[in-house]
Amino acid sequence: MTGPAWDLLIRDARLATLVPGAATGVPARGALAVRDGLIAWIGPDAALPAGATAALELDAEGRLLTPGLIDCHTHLVHAGHRAAEFEQRVEGASYEEIALRGGGIRATVAATRAADQAALLRASRPRLEALLRDGVTTVEVKSGYGLDRDTELKQLRVARRLGELLPVTVRTSFLGAHAVPAEFEGRADAYLDFVLAEVLPAVAAAGLADAVDAYCEPIAFSPAQVERLFQAAARLSLPVKLHAEQRSDQGGAALAARHRALSADHLEHLSPSGVAALAASPTVAVLLPGAYLHLREMRPPPVAALRAAGVPMAVATDCNPGTSPLASLTTAMNLACTLFGLTPAEALAGATRVAARALGLPDRGQLMVGLRADLALWNADHPAELSARLGPSSLATRFVAGRPDHAPTR
Ligand code: NIG
Ligand code: FE
């Protein structure tokens, strides 16, 4: 009798399915099969259909198998570094003071404009490789260090190219409204006019953005300016997301919620009405504890209120040179627990199922028949181990659409 013919069969794994309502604690052992890049079968080893064959079979020996991790907020394509600003901040200067002196985002803009496409790719690739070594199979990458047409396009092309060169899904966000560049000093509205007339249309025409993002803060863009950008994104049928309530309460999360944004990100200064607005919307809260740590913030996002209101919480690295030079999503998960009070189970959901939602990707983030077989196998047996450690990564191997990166290591 012939059984199903699979491409991959992983036996005797502890399956952390991340399906809502699944039991917590050490997951039951079981098998998972893949065909044509999708999860084809999940169940106890003893229930495997008779006669099943697989081109590749792997004995997980009781190790933890999770959905591949999803980093839903990064600025990993950039040139240069900002170590001197870190020194200044350690000595007491604030992020805003440094930005107002022409440092901050503008410093990285200068370096990114100066790098040609090959140099930008060379500088960015190791950061993405570090994320992959830690179990990431899908990553979001923003522009926003160009702030002119050609450099924004260059950043997004490099992001797309990385997704061709490495086994990972790259989703891009256009963040032209990240800061006002020096040549538009004091003329934020004129800069936004330029973005709407010349940059966003070029980005959209080239198919280089999957979403549109902005930074809503007094040192960047006002809610009224973000509103204009979001209306332009809607005309292009591009989903939106927003850096909101990171340093002050601008009502950004409520604005994002009103536009049914994919996500509102940071949220340290989120008000109770902002929590309520998110709860009444499909918008996900994205927590970025790396930036909170690196900026030595004292006010964490209102996690208990978000949890009580049922707002889904994602966790991401925010990998960027100024506020979160972090290229490990499991470290971000640890920080979300230690600094923000997420449970390890919430942190893992935040880096898988909820992160998938923050990117508008319902085809991944859980172990479920029919979803993409993006998987991470860990030298661990309890899901909380992923959040408990502060490096090195316990990843054994990743599978992208069912294809293993390399033989699993112990
Ligand atoms: O997500 N908040 C704005 N954007 C980045 C920081 C960018 C930078 O300082 O280069 C963030 O923290
Ligand atoms: Fe960011």
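Positions are given from 1, in the same order as the sequence printed here. Keep in mind the model is a prediction, meaning the values are calculated, not measured. Order of appearance sets the numbers: ligands from 1, and atoms from 1 within every ligand.
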Near [X] [atom1], under 6.0 Å, is it more than 12 heavy atoms from other residues, nucleotides or ligands?
X: R403; atom1: CZ; result: no
X: R260; atom1: CZ; result: no
X: R35; atom1: CZ; result: no

With the threshold set at 4.0 Å, does a side-chain nitrogen-carboxylate oxygen contact exist between [X] and [Y]?
X: K154; Y: D116; value: no
X: D150; Y: R157; value: no
X: E245; Y: R299; value: no

Sub-4.0 Å heavy-atom environment of ligand 1, residues by chain: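 Lining ligand 1 at under 4.0 Å, by heavy atoms, one finds H73, H75, R82, Y95, I105, Y145, H178, Y215, H243, Q246, H266, D318, N320, G322, T323.
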Hey, do the aromatic rings of H81 and F86 have their centres closer than 6.0 Å?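 No.
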Under 2.8 Å from the Fe ion (ligand 2) - does any N, O or S atom of H73 fall there? yes
Shortest-distance N, O or S atom of D318 relative to the Fe ion (ligand 2):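 In D318, the N, O or S atom with the shortest distance to the Fe ion (ligand 2) is OD1.
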Hey, which N, O or S atom on H75 ends up closest to the Fe ion (ligand 2)? NE2
